[in-house]
Amino acid sequence: MKKFLALLSMFGVVFISCSDDDTVPDTTPPPTEPITFTSGSADFSKYVSIGNSLTAGFSDAALFQSGQAASLPNMLASNFALAGGGEFNIPFMADDLGGLTLGGTPIAGNRLILSFTSGSPAPVAVEGQGTTEVSNVLTGPFNNMGVPGAKSYHLLAPGYGNVAGVGSTANPYFARFASEPNATILGDAAAQNATFFSLWIGNNDVLGYVTNGGDGVDQTGNIDPSTYGGSDISDPNVVAGSINAVLQTMTANNAEGVIANIPDVTTIPFLTTVPHNPVPLDAATADLLNGAYAAYNQALLAFSTNQNPLGAPQITPEEAARRTISFQAGEGNAVVLLDEDLTDLSVFNAALINMRQATADDLLILTASSFIGTLADPNNPTSINGVAIPLADRWVLTPEEQEIANTAATAYNQVIAGLAAQYDLAFVDANALLVELGTNGFTLADGSVVNAQFGTGGGFSLDGVHPSPRGYAILANAFAEAINTKYGSNLPGVNPLDFTGLYIN
């Protein structure tokens, strides 16, 4: 016993005898006072959200129940409930598959999931037939008025929810919960007399152009949206007028609200995942291709050295070099693509179509990964798409097309910021947030980092366009912060770790 006490003494342990009268200090921390959440000057009792797929909770190429439950507005509604918020009704899909039918005929596919069944991870559609029938119209009203595919002017369009017009003038997602066939999204939203609203719209006014590789028309200067195609860019004045009409209507009864600008759609994983030079070649194939393109390269050279036919345009040596096609053995060969912005020489030499090889400045769309390397003619093994056969415009967003899209998006965001100030609303710079997501990522409480890397970053879903539930949570926190700053509320936000970054099979 003496040796044991001596050993403890060596380590500085001191024993002090104490009587029953001695008081042992209480080190138990005092109880934490519960936080009282407040809405500040806002009134969250009746919240209505308006927008497109980003509002609906669309992810992984579909709308489905789990995604709707993890939508940004539903996250906000859970916060609002802590400070006087009321019920938040969602027009739920019939299942977690996401497919749509009209009259029993499938018109939209199931959601994507990351599958390992083939040995290597790949996005695949969930098996099964979706049970959401568009003609089974739900009875509202619904607080989440997000409609996938809606452009700004669609919010005001009568008949956009008419089941009979699906496939032409109507949207199937709105048709399944519109109050009546001639209803508008704005009308159904306004009829609920919201005390607080959110609006996130304008993304689709340029997104279709981008996701179709610039295969659309820039309609700037045309203020008649009835003449627009699905992949066209909306005139900024059309976007401005549509958003102004929504805000004028929603604030008519002194409702407060929050509005967000649109992200830079040229930085989404849909456009940043497929490299411009994904083609591996052996030496024999590279030599074969170079031989096949030799006549083209030689004919092209004539147009940059004053040897061009009489009356034909002369191109600069720089353009000639840009258009020259060359392959080498090994990895890293650039794909061949059509580029309408090149000088048209085909009228003088039919072989000189507007083609060139891609550079790092070109953005290949995500779905090109499954097209490049396939055969244009199954009976011709040399008809390789993206190598011997140039990629069509819809597969690549060129620098010129990127500039067109960014010019439109910048104009939309100037409009949104101005209207936010005009109507004295909370404003969310979603563009800056998603740039940060792609540049540096966001570190979460457990030390993990969420970024925009396709398939592994956790910020975007497998369609490469829409956020994952975890990405939506990060956005929801930005909305909550903007609302707190504007209205003096103290909404806590949500924990992104409570939401998945990727659905895995």
Is the count of non-hydrogen atoms from other residues, nucleotides or ligands lying under 6.0 Å from [X] atom [atom1] greater than 12?
X	atom1	answer
Ile223	CD1	no
Gln422	CD	yes
Glu127	CD	no
Glu403	CD	no

Measure the shortest side-chain to side-chain distance between [X] and [Y] over non-hydrogen atoms and say whether it is less than 4.5 angstrom.
X	Y	answer
Val449	Asn440	no
Lys486	Val258	no
Pro236	Thr220	yes

Asn222 and Thr227: side-chain donor and acceptor closer than 3.5 Å?
yes
With sequence neighbours excluded, what pairs up with Tyr423 under the ring-ring contact (aromatic ring centres under 6.0 Å, His included) test?
none
Tell me whether Glu340 contacts the main-chain N or O of Asp393 through its side chain, where contact means a donor paired with an acceptor under 3.5 Å.
no
Is the positively charged end of Arg111 above the ring of Phe64, judged by distance under 6.0 angstrom from the centroid and angle within 45° of the axis?
yes
Test ring-ring contact (aromatic ring centres under 6.0 Å, His included) applied to Tyr47 and Phe479, Phe142, Phe197, Phe80, the passing residue
Phe80
Residue set satisfying side chain to side chain contact (heavy atoms under 4.5 Å, CB included) with Ser135, at least two apart, ordered chain then number -> Glu133, Val163
Sub-6.0 Å ring centroid separation between Phe460 and Phe270:
no
